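Accompanying notes for the structure given below.
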Amino acid sequence: QVQLIESGGGLVQAGDSLRLACAASGRTFSNYNMGWFRQPPGKEREFVAAMTRNGDRTYYADSVKGRFTISRDNAKNTVFLQMSSLEPEDTAVYYCAATDYSGVGYFIKLSSKYNYWGQGTQVTVSS
């Protein structure tokens with residue numbers, strides 16, 4: 001089992017930045033590809049960003065590319081999502097997730113491939 005706990009959400013204004021963190025415990029963190037997903041109010045959960053287990057590849061949704069950056073610290077069992085130039089459309093509950101599935105590219109963006117999920121953290125961006 002892997003336990004994931006997100007932190008760093010909050011209420012910000014458009015144009016602000018925010019950094020989310022996800023602390024993992026349980027099994028060996030470096031064995032897992034990590035992803036961030038979000039669920040806007042009244043909408044389906046959607047892919048935001050992902051990083052491979054050794055950090056050599058990153059993937060982003062088109063809507064956040066150039067504004068969000070995913071990173072990880074395997075020594076601290078933590079994955080981060082740095083969010084800049086936030087927009088009201090970024091308002092959502094943000095979830096981190098871990099997968100031991102080795103597929104990348106298209107597959108790493110699929111929520112169905114992730115085994116473990118955090119409880120989510122709310123990000124609200126006011127205009």
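The model shown is predicted, which means the values in this text are computed figures rather than measured ones. We count residues from 1, following the sequence as given.
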Closer than 3.5 angstrom, by distance alone: can the side chain of [X] be matched with the main-chain N or O of [Y] as a donor-acceptor pair?
X      : Y      : answer
Glu6   : Cys96  : yes
Arg67  : Ser85  : yes
Thr99  : Asn33  : no
Tyr114 : Ile108 : yes
Thr78  : Lys76  : yes

Are the side chains of [X] and [Y] in touch, meaning some heavy atoms are under 4.5 Å apart?
X      : Y      : answer
Phe29  : Arg53  : no
Glu87  : Ser127 : no
Arg72  : Met34  : yes
Val123 : Leu20  : yes

Problem set entry | Geometric cation-pi criterion Arg45 and Tyr95, 6.0 Å radius, 45° cone | yes

Exercise. Is the NZ or CZ atom of Lys113 both under 6.0 Å from the centre of the six-membered ring of Tyr101 and within 45° of that ring's axis?
Worked result: yes

Exercise. Is the number of heavy atoms from other residues, nucleotides or ligands under 6.0 Å of Lys65 NZ greater than 12?
Worked result: yes

For this session: Return yes when atom CD1 of Ile5 has more than 12 non-hydrogen atoms of other residues, nucleotides or ligands closer than 6.0 Å, and no otherwise.
Result: no

Exercise. Is a side-chain donor-acceptor pair under 3.5 Å present for Arg38 with Tyr94?
Worked result: yes

For this session: Tell me, with the steps shown, if Thr124 and Gln122 meet side chain to side chain donor-acceptor pair (under 3.5 Å).
Result: CA-CA 6 Å; Thr124 303; Gln122 177 70 46; 3.3 Å; yes

Same apolar cluster: [X] and [Y], side chain cutoff 4.5 Å:
X     : Y     : value
Val93 : Ile70 : no
Val79 : Tyr59 : no
Leu18 : Val48 : yes

Working to the nearest 0.5 Å, report the span between [atom1] of [X] and [atom2] of [Y].
X      : Y      : atom1 : atom2 : value
Cys22  : Leu81  : SG    : CG    : 10.5 Å
Ser111 : Glu44  : OG    : CD    : 9.0 Å
Thr69  : Phe80  : OG1   : CZ    : 13.0 Å
Gln119 : Thr121 : CD    : OG1   : 7.0 Å
Trp36  : Met83  : CH2   : CE    : 8.0 Å
Ser126 : Gln13  : OG    : CD    : 5.0 Å

For [X] and [Y], work out which heavy atoms get closest and say how close.
X     : Y      : answer
Lys43 : Gln39  : O-NE2, 3.0 Å
Ala92 : Pro41  : CA-CD, 4.5 Å
Tyr32 : Tyr116 : CE2-CE1, 3.9 Å

For this session: Tell me whether the centres of the aromatic rings in Trp117 and Phe37 are closer together than 6.0 Å.
Result: yes

Exercise. Does the pair Ser63 and Glu89 meet the rule for a side-chain contact (heavy atoms from CB on, under 4.5 Å), with working shown?
Worked result: CA-CA 9 Å; Ser63 59; Glu89 293 73 25; over 6 Å; no

Exercise. Would you call Asp100-Arg27 a salt bridge at under 4.0 Å N-O?
Worked result: no

